[in-house]
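Below is one structure, written out as structure tokens; the observations come after it.
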Amino acid sequence: MTAFKSDFLNTLQERGFIHQCSDFEGLDALAAKGEATAYVGYDCTAPSLHIGNFLTMMMLYWLQQSGNKPITLMGGGTTMVGDPSGKDETRAMRTVAEIEANKASIRGVFAKVLRYGDGHADAIMLDNAEWLTKLNWIEMLRDVGRHFSVNRMLTMDSVRLRLEREQEMSFIEFNYMVCQAYDFTELSRRVGCRLQMGGSDQWGNIVNGVDLGRRMGTPQLFALTTPLLTTASGDKMGKTAKGAVWLNADQFSPYDFWQYWRNVEDADVVKFLKLFTVLPISEINRLAALGGSEINEAKKVLATEATALLHGRDAAVEAAETARRTFEEGALAETLPTVDIPRGEFAAGLGVLAAFVKAELVASNGEARRQIKGGGLRVNDVAVTDEKMVLTSANLTPEGVVKLSFGRKRHVLLRPA
């Protein structure tokens, strides 16, 4: 393990964030002096960021803790183009109104992790629409486009893989790497940004920015990437039966977020404690030494600390207590995820298959049928054996809800509204 001069790189290395860097020595010297202003770009393709974005937010967190300045760059401009990285087909084009709505929904999450302000190491937020939407096409071709080799662009993974699979790539997508590279140069000029960070799938785009900066006369720029998130089983991290693990509470509740971390594979606990909590390494090493069933205590710590970081300590403690009452005491915790159902549906009778679909515990009636045959679905803690079962007001608990369960760990309350 390399010993760096800067707390920033030492921390990232110790916690497992580093995948590639364009120049460790130069970046280390810059960060050691507190002069490593760095950015991560976040396109506005959905109303919420996801768990992969949480990883790069943690890189910015540790940058700030080491006395350097983070920039969160909203992709108001690049979202109009669409990043082809890792995609087999062209992204759906979003309207300006959709992008603005997504941007507004996303912005608030960063302040959960970063400190914004006017100080030396305080974070700032910018939007690349501010400069990308004002560019003159001919000037852009002459001043920026001339520095790009089409031959080299065709070798980038985001382009090469699409072409090898004989999947069409639009001209607008082909320009995405030009826009991202120009962002880096523009941020260097405007706010002295010297480092761009991102997932390893962004390496080619980031290095393009480093090269463009050199050609356009900026100070030396640096690239740093983190490994793509995978589980110990080799699966891509961040997917659940409900879909993506979103960061906004209205998209993915704090309780669901807590449960996600509680249910990770045993082999991933230490890795995720280092990446997604701010616990000292000494405490993580203590938890790493736990064996057997004690690993579940380490998972609870992971779940509570990761949830506290994103949703606040109170929400994390409430989620942990809800889980404890539900699983350890068998009690009905009223803070479980709740879905409101029109009273008329209960009065008329709600089919059990439809109920589990409405609760988003299964994706379809067919999946519900398969789970019933396997004994996987329960109503008020009683296994469902009849797929034609109908829920009525008679199924309401004294608390006025119906508890639906998929397996031992996933529960939703249906409530007449």
Side-chain angles (χ1 to χ4, degrees), residues 51 238-246 248-265 296-297 299-304 306-308 310-311 314-343 345-346 350-387 389-417:
I51 206 167
K239 295 291 184 182
T240 70
K242 288 186 173 183
V245 179
W246 301 108
N248 282 18
D250 59 348
Q251 298 280 110
F252 199 80
S253 73
Y255 175 80
D256 286 333
F257 195 75
W258 192 94
Q259 279 293 330
Y260 177 80
W261 296 108
R262 170 63 181 83
N263 294 331
V264 299
E265 297 176 41
N296 288 323
E297 295 308 310
K299 290 183 181 182
K300 291 175 186 177
V301 172
L302 167 64
T304 298
T307 305
L310 190 68
H311 295 295
D314 290 347
V317 170
E318 182 179 273
E321 176 61 14
T322 296
R324 187 189 68 79
R325 291 189 62 208
T326 302
F327 304 126
E328 296 176 16
E329 297 180 3
L332 176 61
E334 294 178 11
T335 47
L336 285 170
T338 302
V339 174
D340 290 335
I341 300 293
R343 289 186 179 276
E345 292 194 34
F346 273 103
L350 177 62
V352 70
L353 303 180
F356 276 89
V357 172
K358 286 178 181 290
E360 296 185 350
L361 287 169
V362 296
S364 65
N365 287 353
E367 184 184 352
R369 288 191 184 95
R370 289 192 295 274
Q371 293 299 333
I372 288 173
K373 289 178 181 177
L377 302 185
R378 285 173 291 142
V379 173
N380 294 334
D381 296 321
V382 177
V384 179
T385 56
D386 182 5
E387 67 178 50
M389 176 183 180
V390 175
L391 305 181
T392 67
S393 55
N395 297 103
L396 296 175
T397 67
E399 294 85 0
V401 296
V402 177
K403 180 184 178 186
L404 304 184
S405 304
F406 181 175
R408 292 182 57 252
K409 298 179 178 179
R410 297 182 58 210
H411 310 275
V412 171
L413 304 181
L414 294 188
R415 179 176 60 195

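With R378 contributing its side chain and G407 its backbone, the two residues share a donor-acceptor pair below 3.5 Å. The backbone N or O of F252 lies less than 3.5 Å from no partner atom in the side chain of D256, so there is not a single donor-acceptor pair. Put simply, the side chain of E367 gets close to the backbone of A363: a donor and an acceptor are under 3.5 Å apart.
In this structure, A368 and V362 approach most closely via the heavy-atom pair CB-CG2, 3.9 Å. Listed here is the closest heavy atom pair of F257 and L310: CZ-CD2, 3.7 Å. Taking all atoms of both residues into account, the shortest heavy-atom contact from T322 to Y255 is CG2-CE1, 3.5 Å. The shortest heavy-atom contact between A354 and L350 is CB-CD1, 4.2 Å. Nearest heavy atom pair, residue A308 against residue A316, reads N-CB, 3.5 Å. When all heavy atoms of E387 and R369 are compared, the closest pair comes out as OE2-NE, 3.2 Å.
Taking the side chain as every heavy atom from C-beta outward, V339 and L404 never approach each other to under 4.5 Å. Residues Q371 and F406 are in side-chain contact: their nearest non-hydrogen atoms beyond the backbone lie under 4.5 Å apart. Contact check for V352 versus V379: side-chain heavy atoms found under the 4.5 Å cut-off. In this structure, the side chains of R262 and N296 come closer than 4.5 Å at one or more pairs of heavy atoms.
Once rounded to the nearest 0.5 Å, the distance linking CG of L353 with CD1 of I372 reads 5.0 Å. Note that CG of N365 is 10.5 Å distant from CZ of R370, once rounded to the nearest 0.5 Å. Rounded to the nearest 0.5 angstrom, Y260 OH and T307 OG1 are separated by 12.0 Å. Interatomic distance, S405 OG to F356 CZ, rounded to the nearest 0.5 Å: 7.0 Å.
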Assess the residue pair L414 and K403 against the criterion (side-chain contact (heavy atoms from CB on, under 4.5 Å)); give the C-alpha distance rounded to whole Å, side-chain angles, the decisive distance to 0.1 Å, and a yes or no. CA-CA 6 Å; L414 294 188; K403 180 184 178 186; over 6 Å; no

Between E297 and K300, is the salt bridge (charged side-chain N to carboxylate O under 4.0 Å, His left out) condition met? List the steps. CA-CA 5 Å; E297 295 308 310; K300 291 175 186 177; 3.4 Å; yes

Check the pair V245, W261 against side-chain contact (heavy atoms from CB on, under 4.5 Å), reporting the backbone distance first and the verdict last. CA-CA 10 Å; V245 179; W261 296 108; 5.8 Å; no

Start with the C-alpha gap between L413 and V402, add the side-chain angles, then the distance that decides, and say whether side-chain contact (heavy atoms from CB on, under 4.5 Å) holds. CA-CA 6 Å; L413 304 181; V402 177; over 6 Å; no

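Residues satisfying the side chain to side chain contact (heavy atoms under 4.5 Å, CB included) criterion with T392, sequence neighbours excluded, are V390, A394, N395. Scored by the side-chain hydrogen bond (donor to acceptor under 3.5 Å, both in side chains) test, K358 finds no partners at all (sequence neighbours excluded).
Taking the charged nitrogens against the carboxylate oxygens, E321 and R324 do have a contact shorter than 4.0 Å, which makes a salt bridge.
Defined by atom type and a distance below 3.5 Å, a donor-acceptor pair is present between the side-chain atoms of W258 and T304.
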